[in-house]
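Every chain is numbered from 1 and lettered A, B, ... according to where its sequence line falls, protein lines coming before strand lines. Keep in mind that this is a model prediction, so the values were computed, not measured. Side chains are part of it too, since the values below use all heavy atoms of this structure and drop only hydrogens, waters and symmetry mates.
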There are 4 protein chains.
Amino acid sequence: MTKSKPAAKKSRQPDVTRRNILDAALYEFAAKGLAGARVDEIAARSGSNKRMIYEYFGNKEGLWLTVLENAYARMREEEHAIDVARMKPEEGMRYLMEFNFKFCSRNPEFIALLNAENLHKASYLKDSKKIRELYTPLLVVITDLLQRGQKSGVFRKNVDPVDLYTTIAALGFFYFSNVHTLSTIFGRNLLSQKEQKARMEHSSDVILGYLRP
Amino acid sequence: MTKSKPAAKKSRQPDVTRRNILDAALYEFAAKGLAGARVDEIAARSGSNKRMIYEYFGNKEGLWLTVLENAYARMREEEHAIDVARMKPEEGMRYLMEFNFKFCSRNPEFIALLNAENLHKASYLKDSKKIRELYTPLLVVITDLLQRGQKSGVFRKNVDPVDLYTTIAALGFFYFSNVHTLSTIFGRNLLSQKEQKARMEHSSDVILGYLRP
Amino acid sequence: MTKSKPAAKKSRQPDVTRRNILDAALYEFAAKGLAGARVDEIAARSGSNKRMIYEYFGNKEGLWLTVLENAYARMREEEHAIDVARMKPEEGMRYLMEFNFKFCSRNPEFIALLNAENLHKASYLKDSKKIRELYTPLLVVITDLLQRGQKSGVFRKNVDPVDLYTTIAALGFFYFSNVHTLSTIFGRNLLSQKEQKARMEHSSDVILGYLRP
Amino acid sequence: MTKSKPAAKKSRQPDVTRRNILDAALYEFAAKGLAGARVDEIAARSGSNKRMIYEYFGNKEGLWLTVLENAYARMREEEHAIDVARMKPEEGMRYLMEFNFKFCSRNPEFIALLNAENLHKASYLKDSKKIRELYTPLLVVITDLLQRGQKSGVFRKNVDPVDLYTTIAALGFFYFSNVHTLSTIFGRNLLSQKEQKARMEHSSDVILGYLRP
DNA sequence: GATGAATGAGTGTTCATTCAT
DNA sequence: TATGAATGAACACTCATTCAT
């Protein structure tokens, strides 16, 4: 029974504590992956302590899943901020492509998180109940754009929405996902504003080129 | 009394030992990343022992870099097995796209390795001297295809070879890189033969659609 | 608008809370010992909360001591429920033996508690002021039985009351204290009704056999 | 990869290391039980380090079981050092009683260990394959003594060997098992030489008194 | 060159205890 | 009186790395 006689002090705001932990965890997980991340580091960065992490998230893996779900949810939320359903087909498609590209540019942690989760063969995500429903509305939007575009003759026929979305995601995500190895290999700083701008235009060209009838 | 032979230890074949370690390391690193991989596990799987790993590769990080370089080199080697320079422009471009796609399909460890390395912001690859020169011949080939295609009127003008290669890589790599999260989200088994075939055709369509004048 | 009643917290019955904590603690301590018991678990089981434990008992060790004293007290109380002083010597002795045996059978937590306390070399019990006086009346009763039995010729002479009580306790307590290891070693379920009955008779035989002149 | 660059030094004698750990563990477990014992403490006391404990015993519980089995085995070994089969029945029975008593006196860790294991309801011992066979020869010896004693008329009939052994064990074990609480309650130092001697004689009297025809 | 034993700094997780409300 | 959030010191267990043989 030689235990501590500690003294406490802090906030007493569960929601704030919880959010601080999630923010710190996002940073740490994105920088080092699940295995490389340190619970100690997350606790220190959050301004809270390890006990709270286990109180709120059960364990490191529970924290990982929550961070992952949050990242996905935030992306979809931002994406839906603008009402694509009212845009013209080509305009809407370009918006989706550009939003995707810019979101990846602004949120490198999102990229890192997804890659790490793919390393685990999505084993954590598979247990998530929230994820699949997040994507349903997006597919509805894409389907709608495709149909309207086909009707008005600006888009080709027989395009699968999932295929198309995957290509949109690929063109944005891959660039940022592999930006460090690509920059090294080609000896160019692909993160520069100029390169990014050119790449985004190229990507939109690719998508719209593909959709031409 | 017959003089006892000194019990022969093990192989005494440095090259074999070295190769076994690299094979085991590729497997382990691809499955768990750098931080998640275990030196003990690599030693056990290699049939050798930990001391040899440190003898040949200095430390875990040295082993990581070697594995990474090997993976890159193997890809380029396979790619050059066929002489693209003699193909017709469209045929050559389709070959590059399909090779890339199939290589990613056959070599999931390559995907995992690159993603992990990007998590580290390519910090190990940056120290590599071998990497950049691996890609020079590839860019030469692409430039040649583009020029010939433009001359004969089958390709549009003003296409940057690096941009194009990045897009080719994106279309193949991203699909396999994110196959687990995408499969989960869309509720489809994207690793099935059927899905892969469809995806490869779609990808070729995208590339060639983009290159149309 | 009816003025809202301040949401009544919980019971506000100090004695009930205290008793609930003691019950929960007895269960937990008996199952896991002092070191193995968890304050969280006791709090949860008691339906109260940790703060109350510290309010009433100071700390885990204070709670331990209180639980221990209560257990001893309850045993002596039950033992005195019947007036042994009015029984015939042999009858009284058999009653003490059987009571002891049955009490141990009914109260495995008592056994566990005492063993755990002996592991600590009785360091908590030594600080107790209540314990010694609990046993004085018992020794008076035994001394009385012995004297009457010796006078009437049914008991031998020169029997030390403490020795005798220790033997009575040993025969009952040891059986239940070691019932799990003994059952394992001898491959018999010593907790079965049949085994217990046989053992109790055997024990009485031993005591009365010893007391024969 | 901010890992240590340690320097090693020690013995390289697996058996010695193993034995040192077991000795240290016996001490620590006997003093504090399974839950109260500290792996750190065991490692420090053993002169080795924690890693070796996990190397040789898997985990804390594996170490506990090994210590427990060793303790049982040592008792049985010592007991068999003298050939009871050649003794006269009364002499042999007294020897068993006294050996048991003295062994408990000399080996308080054995007592502590068994009590702790009974707290766990013998859950570790139940998994042991070695234990039951240890006791078979002892029961053979007791059975033989009883038969010879009955034949020569010095012992009563219908005595179950397991019952008898349990009583022998009870008389010795309980005294030392509960010596601290008993000493406290009765205000006597039951560990003194004088008390022990008296108790052992009393115990032999009880056993032989019981066996009288 | 090859091996298994050894090391010490971590690493995720748990605990008794205290404070703000 | 009662409660749930917070704390820091431990705790069991693991890891990359090194040394004796």
Side-chain angles (χ1 to χ4, degrees), chain A residues 1-18 35 37-43 48-56 58-61 63, chain B residues 8-14 17 35 37-43 48-56 58-61 63, chain C residues 8-14 17 35 37-43 48-56 58-61 63, chain D residues 1-18 35 37-43 48-56 58-61 63:
Chain A
M1 284 306 116
T2 19
K3 283 278 171 172
S4 56
K5 313 260 175 182
K9 48 170 185 279
K10 274 286 189 57
S11 62
R12 202 98 2 196
Q13 290 170 304
D15 290 353
V16 173
T17 300
R18 208 186 124 91
R38 297 295 162 240
V39 175
D40 273 294
E41 189 61 30
I42 294 171
S48 179
N49 66 75
K50 281 194 281 185
R51 193 64 235 292
M52 290 293 94
I53 293 175
Y54 289 88
E55 178 73 22
Y56 291 132
N59 57 23
K60 196 189 187 184
E61 296 183 325
L63 180 55
Chain B
K9 288 274 170 164
K10 267 281 181 71
S11 59
R12 299 270 171 188
Q13 291 172 305
T17 299
R38 299 292 162 239
V39 175
D40 273 293
E41 189 61 30
I42 294 170
S48 178
N49 68 77
K50 283 193 282 183
R51 190 60 186 74
M52 292 296 95
I53 293 175
Y54 288 88
E55 178 72 22
Y56 289 133
N59 58 22
K60 195 188 186 186
E61 296 179 302
L63 180 56
Chain C
K9 288 272 169 166
K10 268 280 181 73
S11 60
R12 299 272 171 187
Q13 291 173 305
T17 299
R38 298 294 161 238
V39 175
D40 273 293
E41 189 61 31
I42 294 170
S48 178
N49 68 77
K50 284 192 280 182
R51 190 60 187 74
M52 293 295 94
I53 293 175
Y54 288 89
E55 179 72 23
Y56 290 132
N59 57 22
K60 196 187 184 187
E61 296 178 302
L63 180 55
Chain D
M1 286 305 115
T2 19
K3 282 279 171 171
S4 55
K5 314 260 174 183
K9 47 170 187 277
K10 276 285 187 58
S11 59
R12 202 97 2 194
Q13 290 170 305
D15 290 353
V16 173
T17 300
R18 208 186 125 91
R38 297 295 161 239
V39 175
D40 272 293
E41 189 61 31
I42 294 170
S48 179
N49 66 75
K50 279 193 282 185
R51 194 63 235 291
M52 291 292 95
I53 293 176
Y54 290 90
E55 179 74 22
Y56 290 132
N59 57 24
K60 196 188 186 184
E61 296 183 327
L63 180 55

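- Pair check for E:dT21 finds F:dA2; Watson-Crick or G-U wobble, both atom distances under 3.5 Å.
- The distance from atom CG of C:D40 to atom P of E:dT17 is 11 Å, rounded to the nearest whole Å.
- Rounded to whole Å, the distance from CG on B:L63 to P on F:dA16 is 11 Å.
- In this structure, D:E61 and B:G58 both approach DNA chain F, and ranking their closest nucleotides by distance from the 5' end singles out D:E61.
- Taking only side-chain nitrogens and oxygens, D:Y56 comes nearer than 4.0 Å to OP1 or OP2 of E:dA6.
- For B:Y54, no side-chain nitrogen or oxygen approaches OP1 or OP2 of F:dC19 to under 4.0 Å.
- With rounding to whole Å, A:E55 atom CD is found 16 Å from F:dG8 atom P.
- Regarding B:E41, its CD atom lies at a distance of 11 Å from the P atom of F:dA16, rounded to whole Å.
- Put simply, CD1 on B:I53 is 15 Å from P on E:dG1, counting in whole angstrom units.
- Smallest separation of non-hydrogen atoms from B:L63 and B:I53: CD2-CG2, 4.0 Å.
- Residue A:A35 is out of contact with every strand shown, counting any heavy-atom pair closer than 4.0 Å.
- Under the Watson-Crick or G-U wobble criterion, with both distances below 3.5 Å, E:dT11 is paired with F:dA12.
- For F:dA6, one of the phosphate oxygens OP1 or OP2 lies less than 4.0 angstrom from a side-chain nitrogen or oxygen of A:T17.
- The distance between atom CZ of D:R18 and atom P of E:dA6, rounded to the nearest whole Å, is 12 Å.
- Here the closest non-hydrogen pair linking D:T17 and D:Y56 is CG2-CE1, 3.8 Å.
- Straight-line distance from the CZ atom of B:R51 to the C1' atom of F:dA20: 11 Å, rounded to whole Å.
- Using a 4.0 Å cut-off, some side-chain N or O of A:S48 falls inside it from OP1 or OP2 of F:dT7.
- Within 4.0 Å of C:A43, counting heavy atoms only, lies no atom of the nucleic acid at all.
- C:A35 and C:K60 get closest at one heavy-atom pair: O-NZ, 3.6 Å.
- When each of A:K60 and D:N49 is assigned the nucleotide of DNA chain E bearing its nearest heavy atom, the one mapping closer to the 5' terminus is D:N49.
- Distances shown here put a side-chain N or O of C:R38 below 4.0 Å from the OP1 or OP2 atom of E:dC15.
- One donor-acceptor pair, N or O on each side, does fall under 3.5 Å between the base of E:dT13 and the side chain of A:K50.
- For the pair A:N49/A:M52, a side-chain contact is recorded, criterion being any heavy-atom separation below 4.5 Å from C-beta on.
- Residue A:M52 contributes atom CE, which lies 14 Å from atom P of E:dC15 at whole-angstrom precision.
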